[in-house]
Amino acid sequence: MVKTASVTDKPIQIKVFPQRLLQPATAEKLLNEIDQVKGVIRMLIGGKNLPRKVTCGPGTGTDVNHPNMEIIHVGDCAFELHVMVGEVIVEIENESAKEDLRKACERALPFSFEFKQGHFIKKKATLTDYGKYGFKSKTDDSINLEDERILGLIDPHAKAETNLCVIGTEEKS
Amino acid sequence: MAYKPQYYPGNTSVAKNRRKHMSDDVEKLRDISDEDLTALLGHRAPGSDYPSTHPPLSEMGEPECSVREVVEPTPGAAAGDRVRYSQFADSMYNAPSVPYWRSYHAAINFRGVDPGTLSGRQVNEMRERDMEEYTKRQMETEMTCPGLAGLRGCTVHGHSLRLQEDGTMFDMLDRRRLEGGVIVSDKDQVGVPIDRKVNLGKPMSEAEAAKRTTFYRVDNVSFRSDKEVVEHVQKVWELRTKYGFQPKA
């Protein structure tokens with residue numbers, strides 16, 4: 001698999017928007033099905049925040065212990081869900097992977113879903129990214145990142161270690 | 001002939017339900033004990049006395065006032081209870097009550113109310129024991145489905161979200177959840193754990209919720225399908241606009 005988003009043929013982005021908010025088991029199944037599709041470059045999970053503690057009102061500071069804050073396994077990666085999954089944005093290498101992706105979603109989701117194509121994650125570095133990562137060198141003004149696929153996947157101030165998973169790079173590259 | 005209030009126009013099921021809510025002609029569907037309700041509200045320990053903010057009115061020696069003589073105080077006001085609140089969030093996916101209709105229900109059928117109405121939630125302040133009576137009425141009747149509505153003192157997020165897979169409204173603080181076909185709650189309305197699991201009863205099925213809802217939705221009963229309601233709303237809008245432009249006002 002290529003390591004930069006910019007050199008891929010013509011990547012397209014799809015937003016999978018299920019009719020219901022997903023329980024961790026369904027989310028795990030969906031993400032694994034998507035992971036199996038050939039041509040997936042990256043995916044971004046979005047949903048409703050599950051806080052660790054009550055953040056306002058008289059109960060501020062009380063532990064929430066939300067049962068949906070589970071550890072799920074996608075590919076060879078395990079991570080804790082911080083959201084109740086409501087949408088998955090998937091970037092694929094080209095149009096040919098689109099139908100496989102739709103079929104993967106149909107297999108995983110027991111209800112209907114929206115399947116929209118559009119521009120949802122940024123594809124090239126912006127000023128904020130240059131501010132965070134800098135240039136490669138004085139003579140090379142490309143962004144100082146080994147893998148450009150992480151652009152747009154996390155907030156500029158968020159830590160990559162807790163928000164990002166790199167799945168199966170060894171066998172695929 | 002005795003006067004019969006005409007609460008709301010329309011012939012659709014939604015209009016009829018709205019009339020039912022306003023007139024308090026609602027069906028009781030479940031039982032919630034006083035102690036459980038007190039625990040859910042979280043304002044005082046279940047079984048404890050009502051804390052008071054002033055002595056009972058009978059001991060205070062009120063000034064001579066014709067209005068005070070005419071208006072009988074509510075039990076909470078007479079006892080000097082604190083003012084406390086309860087707040088409901090209702091899912092737009094056919095929850096039985098629209099926040100506005102909770103307010104209408106409170107204002108028409110209870111005294112000493114101070115309802116605050118927002119798009120997805122409704123808060124009501126009353127004297128504590130009056131508020132408990134009012135909250136119990138709304139929770140035990142068809143005005144509330146435990147799956148599609150909830151007692152949420154804070155972090156009310158859920159009204160406009162898609163439902164969860166199990167058909168219940170999203171609750172960020174996990175105050176209540178579906179367990180064995182019924183909704184149970186083990187936290188009070190602000191997310192603090194309580195010493196019991198309160199059974200809030202079975203959630204309504206999709207068909208039942210669609211039948212009992214007061215929400216107009218294009219995928220159930222659309223607002224535009226009720227000509228009488230549209231006419232009424234347009235009339236109110238027109239009169240309000242004309243009133244607003246009174247040059248002498």
Side-chain angles (χ1 to χ4, degrees), chain A residues 15-34 45-72 80-89 105-116, chain B residues 39-45 82 84-87 89 91-94 120-121 123 147-148 150-180 183-195 197 203 206 219:
Chain A
K15 185 188 270 187
V16 181
F17 194 85
Q19 193 191 17
R20 295 276 173 102
L21 299 175
L22 305 184
Q23 300 289 349
T26 316
E28 188 176 34
K29 191 176 171 196
L30 174 67
L31 295 173
N32 277 308
E33 287 284 0
I34 294 173
I45 306 167
K48 306 302 155 198
N49 185 36
L50 301 174
R52 288 190 190 281
K53 289 188 183 292
V54 179
T55 52
C56 65
T60 302
T62 312
D63 288 331
V64 175
N65 296 324
H66 205 289
N68 288 0
M69 223 171 174
E70 272 183 22
I71 292 175
I72 61 169
E80 189 180 42
L81 278 177
H82 296 172
V83 293
M84 183 164 243
V85 179
E87 62 181 42
V88 182
I89 298 168
C105 297
E106 281 168 1
R107 281 195 299 274
L109 294 173
F111 32 76
S112 61
F113 57 89
E114 287 178 16
F115 193 82
K116 289 188 253 185
Chain B
L40 288 177
L41 288 167
H43 294 306
R44 67 186 172 95
R82 305 174 298 178
R84 285 293 175 266
Y85 76 100
S86 67
Q87 180 167 252
S91 170
M92 56 177 265
Y93 284 93
N94 287 339
R121 61 188 162 113
V123 60
L148 298 171
L151 197 57
R152 297 182 181 188
C154 65
T155 321
V156 294
H157 200 37
H159 157 77
S160 59
L161 303 183
R162 285 162 286 166
L163 298 176
Q164 294 178 181
E165 268 186 60
D166 56 12
T168 59
M169 181 171 62
F170 174 73
D171 185 357
M172 197 183 260
L173 300 187
D174 188 45
R175 279 163 282 219
R176 86 279 181 278
R177 72 193 76 85
L178 191 65
E179 274 183 17
I183 301 285
V184 294
S185 180
D186 56 6
K187 291 181 184 174
D188 69 9
Q189 62 171 342
V190 294
V192 176
I194 53 177
D195 59 355
K197 262 193 176 180
E206 272 185 47
D219 58 1

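Chain letters run A, B, ... following the sequence lines, proteins first, then strands; residues in each count from 1.
Note that the CZ atom of R177(B) and the NE2 atom of H66(A) stand 8.5 Å from one another [nearest 0.5 Å]. To the nearest 0.5 angstrom, D174(B) atom CG is 11.5 Å from M69(A) atom CE.
The side-chain contact (heavy atoms from CB on, under 4.5 Å) test with V64(A) is passed by exactly one of D171(B), L173(B), T155(B): L173(B).
When all heavy atoms of G59(A) and V192(B) are compared, the closest pair comes out as CA-CG2, 3.7 Å. Nearest approach of F170(B) to L50(A), heavy atoms of both residues: CE1-CD2, 3.8 Å. Closest of all the heavy-atom pairs between V54(A) and G191(B) is CG2-O, 4.1 Å. Considering every non-hydrogen atom in both E165(B) and R20(A), the closest pair reads O-NH1, 3.4 Å.
Of the two parts of N49(A), the backbone and the side chain both hold a non-hydrogen atom closer than 4.5 Å to a non-hydrogen atom of chain B.
Within a 6.0 Å sphere centred on CD of E206(B), other residues, nucleotides and ligands contribute 12 heavy atoms or fewer.
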Derivation and outcome, side chain to side chain contact (heavy atoms under 4.5 Å, CB included), residues Q19(A) and R162(B) = CA-CA 7 Å; Q19(A) 193 191 17; R162(B) 285 162 286 166; 5.9 Å; no
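Between chain B and the residues P110(A), G57(A), P67(A), the largest count of heavy-atom pairs under 4.5 Å involves P67(A).
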